[in-house]
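Chain letters run A, B, ... following the sequence lines, proteins first, then strands; residues in each count from 1. Computed over heavy atoms, backbone and side chain alike; hydrogens, waters and symmetry mates excluded.
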Amino acid sequence: MERIVLGLSGGVDSSVAAYLLKKQGFEVVGLYMINWKETVGTLSGECPYEDDLLIAELVARKLDIEFHSVDLSDRYRERVVDYMFSEYEHGRTPNPDVLCNREIKFDAFLEAANRFGADKVATGHYCRKEVITDVNGKPIYRLLAGSDPNKDQSYFLCQLSQDQLSKALFPVGDIEKPEVRRIAEELGLATAFKRDSQGICFVGKVDLPVFLQQKLDKKMGEVVEIPSDLKAYARMMPENADERLRKQAKPYFYRKKDGRVVGSHQGAHFYTVGQRKGLGIGGFDNPLFVLATDVQENLIFVGEGVDHPGLYRKTLKINLEDCHWIRTDLALNVGESVRYEVRIRYRQPLQKATLHLLEDGLFIDFDIPQQSITPGQFAVWYSNDEVIGSGVISD
RNA sequence: UGUCUCAUGGUGUAAUGGUAGCACUACAGUUUUUGGUACUGUCUGUCUAGGUUCGAAUCCUGGUGAGACAA
């Protein structure tokens, strides 16, 4: 009987995943991962993980599976939290959960699983895995969207490697959320009616702006409104196709003199592109959206209305070193192009685009201009249901 | 100093005699295993002191404040 370590989080998805694995005949070991122990910033200084640990243990007992916990908080801090703050400090908007999967759940956690006698790990992610073989009979692992289009979490696994994927199992990927709930209820699991978790796993109940304010310094700066008829928006496009891509992918660069000061803020690094709330500036006919931030000058540039041209761009660039192919066999060579569907944030409907690999980076050229392309976020390209690759949007 | 205009919630405005509406902001909730977005809901107001009137944001007088023109 094959031994599998399952990440039991104390949520309903991993609980049911445990049950399904067991039903499939695996010897399941539930392993609770502690990745954050700090109590600062949490409500009423509660221990952030004790409740979930207890619930996970309860579920394990109910399902009659072996249960342990493992403390990965040092690793988590190094690989996820430090990255997160560093990105914010540089004016980018990180996705800690993508990193958490790449660096923790399918790395450090996998190592821990090995110590518990398993060489594969399972999680409660809503996504699927398939194996095909290449011409030499070598296996190729495919990462597919979860069957429930409403809960598909393949986006968060976009940075996994073939090696990581080869050791992963996603038991709930081919069933839908309501079914998961139903199974949990039928089994009488403690998690059956527990509400879905949301927000960065470790921050828990605290909202991110508050958390960031505790970690990053405040620095008063100005908010500059950019008119929608700025001449930079009517930029001339070069004839050469590659040059045009490069130019289209370049974010608009604003200076204070391009607009007028309409307010102040407490630190440009607290804001992200496309953000509407939190500026505290009223009196306009339409809401203001953040077009860009400049952490060097500590300026925030905003535009009025969802239709502001500064909010849209047709092309984005991913630096070569940030370009990751899950399907390494489908990786582009310099000079090649391919049609895929792309999303630039979790749950965004897939957008048709053409990927062009040039000497200086991967350029994703969308059929339709995209709103709020945000540096630091991950662009993920799909072929139908399959995640082909991903990369960090450059600035 | 003179003349004129204006003064509505945090902001921008609507209602010119019948008990104040809209947008933005803020807040709350929903959606969401990132951030953000989106959706729903809620709060806050007639500069001040008098007067006219059954009744005033709306008319009259004084005050205070802001702007424009005038030298």
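- Among all heavy-atom pairs drawn from A:Met33 and A:Leu72, the shortest one is CG-CD1, 3.6 Å.
- By the side chain to side chain donor-acceptor pair (under 3.5 Å) test, A:Glu243 is found to be paired with A:Arg246, residues two or more places apart in sequence or in another chain being considered.
- Taking the P atom of each, B:rU31 and B:rU25 are spaced 22 Å apart, rounded to whole Å.
- With C1' as the reference atom, B:rA57 and B:rA14 are 11 Å apart, rounded to whole Å.
- Other members of the cluster containing A:Ile140 are A:Ile132, with ILVMFWY side chains joined at under 4.5 Å, either directly or via other members.
- The distance between atom CD of A:Gln153 and atom P of B:rU34, rounded to the nearest whole Å, is 9 Å.
- Rounding to whole angstrom units, CG of residue A:Asn286 and P of B:rC22 are separated by 17 Å.
- Between the side chains of A:Arg313 and A:Tyr252, not a single donor N or O lies within less than 3.5 Å of an accepting N or O.
- Here B:rU37 presents its P atom at 17 Å from NE2 of A:His308, a figure rounded to the nearest Å.
- A:Leu279 comes within 4.0 angstrom of the backbone, heavy atoms only, and of no base.
- Aromatic rings from A:Phe67 and A:Tyr32 are positioned such that their centres are separated by 6.0 Å or more.
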Nucleotide pairing, RNA chain B (Watson-Crick or G-U, distances under 3.5 Å), in dot-bracket with [ ] and |: (((((((..((((....[..)))).(((((.......)))))....(((((..]....)))))))))))).
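- A distance of about 13 Å separates the P atoms of B:rA7 and B:rG12, rounded to the whole Å.
- If you check the side chains of A:Ser14 and A:Ser9, you find a donor sitting under 3.5 Å from an acceptor.
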Do any N or O atoms of the protein come closer than 3.5 Å to N or O atoms of nucleotides 38-41 of chain B, and which pairs are they?
| from | atom 1 | to | atom 2 | distance (Å) |
| --- | --- | --- | --- | --- |
| B:rA38 | OP1 | A:Arg276 | NH1 | 3.3 |

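- Of the two residues contacting RNA chain B, namely A:Phe156 and A:Gly278, the nearest-nucleotide position lying further toward the 5' end is that of A:Gly278.
- As rounded to the nearest Å, B:rC47 and B:rU30 have C1' atoms that lie 40 Å from one another.
- Closest of all the heavy-atom pairs between A:Ile364 and A:Ala379 is CD1-CB, 4.0 Å.
- Atom CZ in A:Arg347 sits about 15 Å away from atom C1' in B:rG35, given to the nearest Å.
- With 3.5 Å as the limit, one finds a donor-acceptor pair spanning the side chains of A:Ser73 and A:Asp71.
- Rounded to a whole angstrom, the distance from the P atom of B:rG51 to that of B:rG17 is 23 Å.
- Figure legend: cation-pi geometry between A:Arg3 and A:Phe116 absent, as NZ or CZ is not positioned both under 6.0 Å from the six-membered ring centre and within 45° of its axis.
- Residues from residues 262-273 of chain A lying near RNA chain B, meaning a heavy-atom separation below 4.0 Å, are A:Thr272, A:Val273 in numerical order.
- Of all the residues in residues 369-382 of chain A, A:Thr374, A:Gln377 reach under 4.0 Å from RNA chain B with at least one non-hydrogen atom.
- Considering every non-hydrogen atom in both A:Leu99 and A:Arg79, the closest pair reads CD1-O, 4.0 Å.
- The ring-ring contact (aromatic ring centres under 6.0 Å, His included) contacts involving residues 297-330 of chain A comprise A:Tyr233-A:His308, A:Tyr254-A:Phe301, A:Trp325-A:Trp381, where partners must be two or more places apart or lie in separate chains.
- RNA chain B is contacted by both A:Pro94 and A:Arg195; A:Arg195 maps to the nucleotide lying nearer its 5′ end (nearest heavy atom per residue).
- When the side-chain nitrogen and oxygen atoms of A:Lys151 are compared with OP1 and OP2 of B:rU33, one or more of them lie within a distance under 4.0 Å.
- Rounding to whole angstrom units, CD of residue A:Glu87 and C1' of B:rU34 are separated by 12 Å.
- In this structure, A:Tyr88 does not reach the B:rG35 phosphate: none of its side-chain N or O atoms is under 4.0 Å from OP1 or OP2.
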Which parts of nucleotides 5-15 of chain B does protein reach within less than 4.0 Å, heavy atoms only, written one letter per nucleotide 5' to 3' as B for base, S for sugar-phosphate only and - for none? -----BBS---
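- Remark: A:Lys62 NZ is loosely packed, at most 12 non-hydrogen atoms of other residues, nucleotides or ligands lying under 6.0 Å away.
- As rounded to whole Å, 10 Å separates atom C1' of B:rA23 from atom CD of A:Glu304.
- Separation of the P atoms belonging to B:rU3 and B:rG18 is 33 Å when rounded to the nearest angstrom.
- Remark: P of B:rU34 and CG of A:Asp196 are 10 Å apart, rounded to the nearest angstrom.
- The CD1 atom of A:Ile104 sits 16 Å away from the C1' atom of B:rU33 (whole-angstrom rounding).
- Sorted by first and then second residue, the pairs that involve residues 130-145 of chain A and meet side-chain hydrogen bond (donor to acceptor under 3.5 Å, both in side chains), not counting sequence neighbours, are A:Glu130-A:Arg142, A:Arg142-A:Glu386.
- Taking the P atom of each, B:rC6 and B:rA15 are spaced 13 Å apart, rounded to whole Å.
- Closest contact between the side chain of A:Thr93 and the listed nucleotides B:rG35, B:rU33, B:rU30 involves B:rG35.
- The separation of B:rU61 from B:rC4, taken at their P atoms, amounts to 11 Å, rounded to a whole angstrom.
- Evaluation of the salt bridge (Lys or Arg N to Asp or Glu O under 4.0 Å) test over residues 287-298 of chain A, restricted to residues two or more places apart or in two chains, returns none.
- Remark: A:Arg102 engages A:Gln159 in a side chain to side chain donor-acceptor pair (under 3.5 Å) (not counting sequence neighbours).
- Hydrophobic cluster of A:Phe363: the remaining members, joined at side-chain heavy-atom separations below 4.5 Å, are A:Leu245, A:Leu358, listed by chain and number.
- Between the side chains of A:Thr93 and A:Thr374, no donor-acceptor pair is found at a separation under 3.5 Å.
- Each of A:Asp13, A:Asp174, A:Asp196 was checked for a salt bridge (charged side-chain N to carboxylate O under 4.0 Å, His left out) with A:Lys151, and the lone residue meeting it is A:Asp196.
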